[in-house]
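Reviewing the structure listed below.
Being a predicted model, the structure only gives us computed values, none of them experimental. Here is how names work: the chains are called A, B, and so on, in the same order as the sequence lines, proteins then strands, and each is numbered from 1.
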2 protein chains.
Amino acid sequence: MRDVAVRAGVSTMTVSRVLNEPGKVSEEMRERVLRVVREIGYLPNHLAGNLSSSRSTTIGLIVPSIDNSIYTQTVKGLSEVLKRSGFQLMIAESGYDPNEEEELITIFLSQRVSGLVLHSTEHTPQAAEKIRKSGIPVVENGNIPEEPLDMVVSFSNHDASYAMTMHLGRLGYRKIAFASLYSVHNDRSKDRLQGYQAALKQLGLDPDPRIVLETERGLAAGAEVVARVVQSVPEVDALFCAGDVLAVGALFECQKRGWPVPGRLALASFDDVDLLRHVSPSVSTLRLPRYDIGERTARILLSRIMDGAEHLRGSVIDLKFELIQREST
Amino acid sequence: MRDVAVRAGVSTMTVSRVLNEPGKVSEEMRERVLRVVREIGYLPNHLAGNLSSSRSTTIGLIVPSIDNSIYTQTVKGLSEVLKRSGFQLMIAESGYDPNEEEELITIFLSQRVSGLVLHSTEHTPQAAEKIRKSGIPVVENGNIPEEPLDMVVSFSNHDASYAMTMHLGRLGYRKIAFASLYSVHNDRSKDRLQGYQAALKQLGLDPDPRIVLETERGLAAGAEVVARVVQSVPEVDALFCAGDVLAVGALFECQKRGWPVPGRLALASFDDVDLLRHVSPSVSTLRLPRYDIGERTARILLSRIMDGAEHLRGSVIDLKFELIQREST
DNA sequence: GCTGTTTTTGGTAGCGGTAACAATAGAATC
DNA sequence: GATTCTATTGTTACCGCTACCAAAAACAGC
């Protein structure tokens, strides 16, 4: 930058102004400086700028696992809005481990990110303390926690799960099995289970621990769920798969066994992946506002960072989901 | 940091050493400083550190589209290796637009990333020039370009496509249709098409433009491909879908029409997504080293950055793929 | 004990920008 | 025409850390 200043015969301050507050500089200077900038291909050093102004245009995002297609829509929403305001996204994965998450938070704070997005809502006390101390705005994304760190943009896993279970109950199914991903360090799974249980109670159905399963992600896991459920409780008439592509795996297993769906077993899923609409029978599911979550998260974060909108501190935005009834129930 | 130094009764230089080169400091000092660091919860400022040392621990990654599950495995491989060495990943999406890519490259260079990973292999001349001028190591990932910017870690889209087409030919299929994603600004698609054409020639089959299609991503597009192909050329006996989940969409369409696969139409796909193994009939495909690409990319980049391994400049690593024969062909 | 060498610690000057204030010049006011 | 104001540009200090070299302390050899 010094180089640009010398060649243009102005002070570095003027160069800085041309690049950051062009309005405060006369037409003539602006052109003179910009020409030199182009000539020598000058690239401003953001590190220096950020350090000096103690601002930054970087947002940190921590997801449990990068290779989970569920999050990609949210990341896209985030990324698109942030990009428009010139912000960058740093992404890291915690592997569903709160200690790992804490370490990543520390690193991000060291990098002086100006905001943080966390997809998990379970944190170590130290992590919470560090964030509080840093004073930067944070958005939690994966669920609506009882004690938010700061802001929340999400749908309610509990309510969504409740809604689908009620739906199955109203359709007349009486022995409704429930499968989710492991709930250790995953309060999304925990809330889904509780939503299911609350609905059963409301429906006057007895909970039966034999048909409540936890498993890993994947099609194979979905198939296995069907096998386990019908082996222990043959009279089961519906299966609600509240996790990643489990329902598709379950459907394939039913097809393999030649079972009519929903005749022998009704199937419901939790996330509206494209696939569920195209399989036969098409699978009932919940349409979750994945992209919107990212978009709103970015917006609310930017308001806090750029406009200092302190009144947004602690906001909880509960985005609505939609229940989609299809052939499988 | 000044605060820590004062409280521990040492110079800032000693604090800096304790944090970065603990070996060069006496046991006693180390403990004294670390205790104070813990006491006041001191977080080093990486921005300042990076500026001062003109090094950084950030790698920039540009993908065409974030919500493409194909890349997530590669990103995971990258992320895991980088994390182990304390590097961070900044991710941005170019939307398949080279101009957008150039702008993102400029931003990343301004942020002084210490390495760049590009999933596209089509760049504007200005982008190439900026990268060259910056001198930072770059890895291209999505394909093996004719004129690499620097290093390349990929499989060959051309060879993979060629291999699958040859496979179909050897199985006796004579009228092999080909569907890929739009090839505008997507040299992966272009190379796949050329591989297909090269194989046809080798097999002594006449190319037929009526059964070479380009379409968008998604299951619906796959279904549509089947419809278009058989309408214009009913005697087609195989369909090679060289793009995202097109094959699954095509399979569903065949099932809907009650066509035996491969009896009426053989189906081959391009990427070994879990789904292809679990549908019925299971679909032949290519297993591509997605995760490995990320891992190797990170490794080669780190060698250049940390060990200054200049002999790696310009390396082209052609990772092997595997053809998986299943029921659909 | 003294000199030469090695290890450990400290002082100082930037890294490349920006904030805050000072200075200058031209416009506006009376 | 003198004074006040406003718009534009420059000066200086510092953001928080590390490179580089100097100083001090510890160790060795004779």
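- An OP1 or OP2 oxygen of D:dT9 is reached within less than 4.0 angstrom by a side-chain nitrogen or oxygen of A:Ser26.
- Among the protein residues, B:Asn50 comes within range of no part of the nucleic acid, since none of its heavy atoms lies under 4.0 Å from any strand.
- Distance A:Met13 CE to C:dG16 P: 17 Å, rounded to the nearest Å.
- Candidate nucleotides C:dG16, C:dT9, D:dT18 were compared by shortest atom distance to the side chain of B:Leu51, and C:dG16 ranks first.
- A pairwise comparison of heavy atoms in A:Glu140 and A:Pro145 identifies OE1-CG, 3.8 Å as the closest pair.
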- Item | Criterion side-chain contact (heavy atoms from CB on, under 4.5 Å) on A:Glu93 and B:Lys83, from CA distance to verdict | CA-CA 9 Å; A:Glu93 63 176 349; B:Lys83 190 160 70 179; 4.1 Å; yes
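- Each of B:Gly9 and B:Ser54 was matched to the nucleotide of DNA chain C holding its nearest heavy atom; the match closer to the 5' end belongs to B:Gly9.
- One interatomic measurement links the two molecules: CE of B:Met29 to C1' of D:dA25, which rounds to 11 Å at whole-angstrom precision.
- Distances shown here put a side-chain N or O of A:Arg55 below 4.0 Å from the OP1 or OP2 atom of C:dA19.
- Among the nucleotides C:dC15, D:dG10, D:dT9, the one closest to any side-chain atom of B:Ser52 is C:dC15.
- Comparing D:dT18, C:dG17, D:dT9 against the side chain of B:Ser53 picks out D:dT18 as the nearest.
- One finds a side-chain N or O of A:Thr14 lying less than 4.0 angstrom from the OP1 or OP2 phosphate oxygen of D:dG10.
- Residues A:Arg112 and A:Ser56 approach most closely at O-OG, 2.8 Å, considering heavy atoms.
- Looking at B:His185, B:His123, B:His119 one by one, the single match for side chain to side chain donor-acceptor pair (under 3.5 Å) with B:Glu101 turns out to be B:His123.
- The interatomic distance linking B:Asn45 (CG) with D:dC15 (C1') rounds to 8 Å, in whole Å.
- OP1 or OP2 of D:dT18 has at least one side-chain nitrogen or oxygen of B:Ser16 nearer than 4.0 Å.
- Straight-line distance from the CG atom of A:Leu43 to the P atom of C:dC15: 18 Å, rounded to whole Å.
- With A:Thr74 as the partner, the side-chain contact (heavy atoms from CB on, under 4.5 Å) test is satisfied by one option alone out of A:Val117, A:Ile293, A:Asp292, A:Val153: A:Ile293.
- Note: CD (A:Glu21) to P (C:dG17) measures 15 Å, nearest angstrom.
- Using a 4.0 Å heavy-atom cutoff across all strands shown, A:Arg2 reaches no nucleic acid atom at all.
- Between the C1' atom of D:dA24 and the NZ atom of B:Lys24 lies a distance of 18 Å, rounded to the nearest Å.
- Taking only distance into account, the side chain of A:Arg112 never meets the base of D:dG16 through a donor-acceptor pair shorter than 3.5 Å.
- D:dA7 atom P lies 18 Å from atom CD of A:Glu28, rounded to whole Å.
- Listed nucleotides: C:dG17, C:dC21, C:dT9. Nearest to the side chain of B:Arg17: C:dT9.
- Among D:dG10, C:dG17, D:dC17, the nucleotide with an atom closest to any side-chain atom of A:Met1 is C:dG17.
- An OP1 or OP2 oxygen of C:dG10 is reached within less than 4.0 angstrom by a side-chain nitrogen or oxygen of B:Ser11.
- Closest approach of A:Ala8 to A:Arg32, counting heavy atoms only: O-NH1, 2.7 Å.
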